[in-house]
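Below: the structure, in structure tokens.
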Amino acid sequence: MRLPRVEDFEARARGPRLTARVGTWLGVAFGVCFLTGMWSHLQYDPPAWAPIGPRPTSLYRWTQGLHVATGIACVPLLLVKLWSVFPRLFARPPAGLRRLALHALERWSIAVLVASALFQLVTGLLNVVQWYPWSFSFRPAHEAVAWVAIGSILVHVAVKLPVVRQTFAPEDTEDGDGDGDGTGAERAGAPGRRAVLATALGASAVATVLTVGQSVPWLRRVSVLAVRDGTGPQGLPINRTARAAGAVDAATDADFRLEVVHGDRRVTLSRAELAALPQRTHRLPIACVEGWSRSATWTGVAVRDLLELVGAPAASTVRVTSMQTRGAFARSELPAVFVEDHRTLLALELEGEPLDLDHGFPCRIIAPNRPGVLQTKWVRTLEVRA
Amino acid sequence: MRTARLLLALPGVAAIVWGVLLLLDRPDGLVSVLVWAGGAVLVHDLVVAPLTVVVGLGLGRLLPPATRAPTLLLLAGWALVTVAVSAVLSGQGGKPDNPTLLTGHYGLAWGVLSLLVAVALAVLVVTGVRRERRRTSAPS
């Protein structure tokens with residue numbers, strides 16, 4: 001037994017021409033996935049410079065749907081790209097200290113690139129089905145490794161730029177069909193480079209179409225492998241039930257009172273009193289960080305109308321507190337730019353019926369263009385931030 | 001070229017450093033992150049990649065040359081799609097009290113898909129073998 005050498009691998013499709021082309025597609029998909037992912041991370045604590053507000057209403061629905069879709073599309077592309085360079089793993093280190101050091105450095109950068117890229121895809125895919133077989137916290141880890149991944153991609157492109165340029169130059173070999181270099185008899189019938197590229201893109205497209213129905217309603221019937229089919233109580237899926245959030249007792253208490261607080265002014269309202277206030281009805285999407293989204297018709301009191309009761313200006317930042325006793329996001333901050341918009345509701349009804357307990361009964365926040373986790377359910381307190 | 005490479009590499013290194021700083025910010029999860037990142041590489045390099053080489057070589061020898069390429073590619077495409085959707089096929093995840101997550105009949109859907117691929121593969125192999133026989137038995 002001996003370790004294989006680069007020349008031992010015989011697939012004729014392998015080579016820089018295939019790698020550069022799959023790499024380009026992968027780079028674009030990964031780039032979109034990175035940008036949409038960072039956009040999503042920004043939503044949690046929007047910095048002043050970020051143009052995050054209630055319009056466009058469906059922006060987050062699109063960016064996060066795109067994030068998960070491009071992530072899934074990356075899987076076949078990354079595997080084919082790794083396949084196309086696998087023999088290089090067995091390249092023998094060069095002689096000479098300087099060249100050896102450069103070789104080792106490049107090897108390490110590629111190890112970091114592959115490790116971070118695989119990590120992002122594996123953790124992202126498992127998060128979509130809410131399976132967490134690890135002990136790190138998903139969101140910060142997925143964000144941190146995203147920076148490592150995009151950084152090592154940039155370094156990798158910088159290192160390989162001369163090779164990439166060469167592979168995109170017109171071919172001047174005798175192998176005019178551009179199918180690769182090997183035309184020996186023993187390789188007859190082996191897949192060519194273009195066919196492998198087409199297979200990678202095809203598999204990527206098929207995997208995307210089979211799963212993207214959770215974000216694209218008209219593809220729901222085709223997306224037989226989508227995580228969600230858009231159904232649920234009152235026609236809307238749930239991310240966390242009232243039971244899982246430990247909110248059942250408080251939310252179903254007949255003595256429930258909503259508190260609206262502004263400095264030392266405080267108003268308490270029962271659900272009946274909330275329902276007696278002027279109601280607004282808006283059709284708004286709910287878009288989860290896990291990629292699924294669906295539009296629904298919500299009825300309730302505009303948050304800005306509630307602020308009026310305690311004499312707070314419409315453009316106030318509001319801290320929302322939930323009655324949930326378990327899990328993250330029991331509190332959320334509603335920036336002033338959302339509160340100002342009359343479509344930002346403390347919703348009491350969904351599709352003309354009182355909210356289902358799992359959708360946040362007795363009342364929940366629904367605002368345009370926000371991630372689902374920040375659309376706080378089972379609301380107990382709205383507090384104007386100083 | 002040199003400028004372009006620098007313009008790519010410098011922000012690249014900066015992004016890596018920033019990512020590492022973010023990771024160090026949460027030292028409690030760090031070991032788990034490293035295990036999963038390193039583990040993914042090992043699983044790929046020691047299991048997935050050798051497996052594709054062995055399957056490719058084996059089938060490459062067995063299959064008739066006339067349909068070798070389409071057969072291998074169809075099989076590869078099926079395997080790639082399967083890996084991409086493996087999360088819903090794993091039977092893991094979801095929550096017992098939340099029927100709106102993992103709503104599909106994934107085993108059935110994937111089974112039908114695999115059956116269609118298997119039929120197509122069988123047709124490819126049979127026509128390939130026939131063509132091969134006709135070629136070798138034809139009077140020269």
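Worth saying up front: this structure is predicted, and the values here are computed from it rather than measured. Each chain gets a letter, A, B and so on, in the order the sequences are listed, and its residues count up from 1.
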Residue, of [options], that accumulates the most heavy atom pairs under 4.5 Å with chain B:
{"options": "I72(A), V206(A), V155(A)", "value": "V155(A)"}
{"options": "G230(A), A115(A), A207(A), P4(A)", "value": "A115(A)"}
{"options": "G232(A), A226(A), A146(A)", "value": "A226(A)"}
{"options": "L121(A), L161(A), T123(A)", "value": "L161(A)"}
{"options": "L236(A), V159(A), I150(A)", "value": "V159(A)"}
{"options": "P162(A), A141(A), A244(A)", "value": "P162(A)"}

Between [atom1] on residue [X] and [atom2] on residue [Y], distance to nearest 0.5 Å:
{"X": "R243(A)", "Y": "K95(B)", "atom1": "CZ", "atom2": "NZ", "value": "12.5 Å"}
{"X": "L154(A)", "Y": "L7(B)", "atom1": "CG", "atom2": "CG", "value": "11.0 Å"}
{"X": "L113(B)", "Y": "L225(A)", "atom1": "CG", "atom2": "CG", "value": "7.5 Å"}
{"X": "Y106(B)", "Y": "L210(A)", "atom1": "OH", "atom2": "CG", "value": "11.5 Å"}
{"X": "D45(B)", "Y": "F86(A)", "atom1": "CG", "atom2": "CZ", "value": "6.0 Å"}

Non-hydrogen atoms of [X] and [Y] that approach each other most closely:
{"X": "T103(B)", "Y": "T231(A)", "value": "CG2-OG1, 4.2 Å"}
{"X": "R5(B)", "Y": "A158(A)", "value": "NE-O, 2.7 Å"}
{"X": "L73(B)", "Y": "A195(A)", "value": "CD1-CB, 3.4 Å"}
{"X": "L22(B)", "Y": "A144(A)", "value": "CB-CB, 3.6 Å"}
{"X": "L72(B)", "Y": "P191(A)", "value": "CD1-CD, 4.0 Å"}
{"X": "V145(A)", "Y": "L23(B)", "value": "CG2-CD2, 4.1 Å"}

Counting only non-hydrogen atoms closer than 4.5 Å, does [X] touch chain A with its backbone (N, CA, C, O), its side chain (CB onward), both, or neither?
{"X": "V33(B)", "value": "both"}
{"X": "V43(B)", "value": "neither"}
{"X": "L34(B)", "value": "neither"}
{"X": "T71(B)", "value": "neither"}
{"X": "D28(B)", "value": "neither"}

Side chains of [X] and [Y] in contact at under 4.5 Å (non-hydrogen atoms):
{"X": "N98(B)", "Y": "R240(A)", "value": "no"}
{"X": "P133(A)", "Y": "W36(B)", "value": "yes"}
{"X": "Q130(A)", "Y": "L101(B)", "value": "yes"}

Tell me whether the count of non-hydrogen atoms from other residues, nucleotides or ligands lying under 6.0 Å of [atom1] in [X] goes above 12.
{"X": "W25(A)", "atom1": "CH2", "value": "no"}
{"X": "R133(B)", "atom1": "CZ", "value": "no"}
{"X": "Q92(B)", "atom1": "CD", "value": "yes"}

Given the options [options], which has more heavy-atom pairs under 4.5 Å with chain A than any of the others?
{"options": "L63(B), V41(B), D97(B)", "result": "D97(B)"}
{"options": "A109(B), A84(B), G29(B)", "result": "A84(B)"}
{"options": "G77(B), P50(B), S32(B), P64(B)", "result": "S32(B)"}

What residues, two or more places apart in sequence or in another chain, satisfy side chain to side chain donor-acceptor pair (under 3.5 Å) together with E106(A)?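 Only K160(A) meet the side chain to side chain donor-acceptor pair (under 3.5 Å) criterion with E106(A).
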Heavy-atom distance under 4.5 Å to chain B: side chain of [X], backbone, both or neither?
{"X": "V224(A)", "answer": "both"}
{"X": "N239(A)", "answer": "backbone"}
{"X": "S137(A)", "answer": "side chain"}
{"X": "L89(A)", "answer": "side chain"}
{"X": "I238(A)", "answer": "both"}
{"X": "V196(A)", "answer": "both"}

Identify, with sequence neighbours excluded, every residue that meets side chain to side chain contact (heavy atoms under 4.5 Å, CB included) alongside V129(A).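 For V129(A), the residues satisfying side chain to side chain contact (heavy atoms under 4.5 Å, CB included) (neighbours in sequence not counted) are W131(A), V227(A), A87(B), V88(B), L102(B).
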